[in-house]
2 protein chains.
Amino acid sequence: MNTLSYGLLALLTANPLTGYELTQGIKPLWRAGHSQIYPLLQSMEEKGFIRHERIEQSDKPDKKIYTITEEGISVLQEWVRLPAEPAVLRDELHFKLYSLWLTEPDEAKALLQRRMEFNRSELQRYNLLIKANEALLDERGETRELKATTFGRYLLLQKRVMAMKASIEFCEWAIGELERSSPPPG
Amino acid sequence: MNTLSYGLLALLTANPLTGYELTQGIKPLWRAGHSQIYPLLQSMEEKGFIRHERIEQSDKPDKKIYTITEEGISVLQEWVRLPAEPAVLRDELHFKLYSLWLTEPDEAKALLQRRMEFNRSELQRYNLLIKANEALLDERGETRELKATTFGRYLLLQKRVMAMKASIEFCEWAIGELERSSPPPG
DNA sequence: GTTGCATATGTAAAAGTAGACATATAGATA
DNA sequence: TATCTATATGTCTACTTTTACATATGCAAC
């Protein structure tokens, strides 16, 4: 069982989902394509951690709705208690910043501006997810406490928001440093 | 040529380095082991982007000092100008936070505390690297401007520092939220 | 003494990831 | 009419990454 498998189990504790929905839903948490997810679902079903129900659809292709089993919850619980490995971050921008002296001022600025715009759109996306999670909290009549299923997601989404804000601040600051050192014509 | 190859070229623009030094030096920028780096150096030498000089040592194993070629600088420059792909972040903690309701309060707190301590040690490491970069700036008589080779590293290290600080702030905040919802005995 | 660490370079196997290929329907857009 | 997007599930290949294996010396700790 790799990390992604446990992630799929984690998503399935909230509600039963199809492979397609898992592919969409895991995006804010982990980068993975459907070609990774479908085989893992099959292997976890063989292990007895999840089971599926086939739903026939006339307008769209048939789908499989996966549900986590008691055993699945149990192995997930054991895993969650284990210390988390350090995060793995791979960012091309690190190398491009390191080599920034090889670029022209407008290219350097464009590099940072593109990243900033991407971060801003990500931030918006996370804010929407936070709203959806708040709605779910109300719907379930939960309060903000550890045993509420919406609580962990609340923490997680705040983590992403704080990281995105920090990244945007960096871009703004770095663009400022660039403009200070090589003022644009105007 | 993959991203890591360009990263190695980037490091080699600052000074000639051995494969071992590259393995150590790339750590703050990208996660990679020596088993990835040595084959890439061989392949880049075949392409003419770097060349090496063998240094015989009596007390330690012989080493190869790699230098970037004109052609290497040129391909790196072309690559740096291309837009940077979005960063890839894979953090187990995301899944563990999502499943936090499966844990006990002290386990949840320990999860965040361990991450916070790791982040703090990383922050210290980056602060040392910033000092070393400042020293290099002085040594070379450079000022903080784009064309100085220390400038990009200055930006990059600030990026890492800001990200680490944001992560530490998140951990502190999240531990606070946990304590609010399930106060510790005392 | 021996275990572990730093230096130094490599290879091999296994696991994980990305991108394309494959199929099928419905609806929107060009 | 053709292309694109969303839904829905799958496979296959190429590439990247991790972990272990392999060798060699000197030094410090136990």
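Order of the sequence lines sets the chain letters (A, B, ...), proteins ahead of strands, with each chain counted from 1. Hydrogens, waters and symmetry mates are skipped; everything else that's a heavy atom, side chains included, is used.
Lys147(B) NZ to Trp101(A) CH2: the interatomic distance, rounded to the nearest 0.5 Å, is 8.5 Å. Here Lys159(B) contributes atom NZ and Glu169(A) contributes atom CD; the two are 13.5 Å apart, rounded to the nearest 0.5 Å. Rounding to the nearest 0.5 angstrom, the gap separating the CZ atom in Arg160(B) from the CD1 atom in Ile130(B) is 11.5 Å.
Residue His34(A) has its side chain nearest to dT9(D) when only dT7(C), dT11(C), dT9(D) are considered.
The CD atom of Glu21(A) sits 14 Å away from the P atom of dG10(D) (whole-angstrom rounding). His52(A) places its NE2 atom 15 Å from the P atom of dA8(D), with the value rounded to the nearest Å. Straight-line distance from the OH atom of Tyr38(B) to the P atom of dT18(D): 17 Å, rounded to whole Å. At whole-Å resolution of the value, CD in Gln24(B) and P in dA8(C) are 10 Å apart. The NZ atom of Lys60(A) sits 23 Å away from the P atom of dT23(C) (whole-angstrom rounding). Distance, Arg31(A) CZ to dG19(C) P: 6 Å, rounded to whole Å. Protein atom CG of Asn2(A) is 14 Å distant from nucleotide atom P of dT18(D), rounded to whole Å. Regarding Leu8(A), its CG atom lies at a distance of 13 Å from the P atom of dT9(D), rounded to whole Å.
OP1 or OP2 of dT7(D) sits under 4.0 Å from a side-chain N or O of Tyr20(A). Distances shown here put a side-chain N or O of Gln36(A) below 4.0 Å from the OP1 or OP2 atom of dA18(C). Between Gln57(A) and dA8(D) there is a side-chain N or O to OP1 or OP2 distance below 4.0 Å. In this structure, Lys63(A) reaches the dA8(D) phosphate: one of its side-chain N or O atoms is under 4.0 Å from OP1 or OP2.
Residue Ser35(A) places a side-chain atom within donor-acceptor reach of the base of dG19(C), judged by atom type and a 3.5 Å distance cut-off alone.
Thr18(A) comes within contact range of the sugar-phosphate backbone alone, with a heavy-atom separation under 4.0 Å but no base atom that close. Residue contacts for Arg90(A): at a heavy-atom cut-off of 4.0 Å it reaches the sugar-phosphate backbone alone, with no base atom in range. Looking at heavy-atom distances under 4.0 Å, Gly19(A) makes contact with sugar-phosphate atoms alone, never a base.
Between Lys64(B) and Val88(B), the residue anchored nearer the 5' end of DNA chain C, judged by the nucleotide with its closest heavy atom, is Lys64(B).
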**Q.** CA sep, side-chain torsions, deciding dist, call: Asp62(A), Ile55(A), side-chain contact (heavy atoms from CB on, under 4.5 Å)
**A.** CA-CA 6 Å; Asp62(A) 296 356; Ile55(A) 306 290; over 6 Å; no
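Trp79(A) and Tyr6(A) have parallel rings, their planes meeting at less than 30° on a 0 to 90° scale where 60° marks the start of perpendicular.
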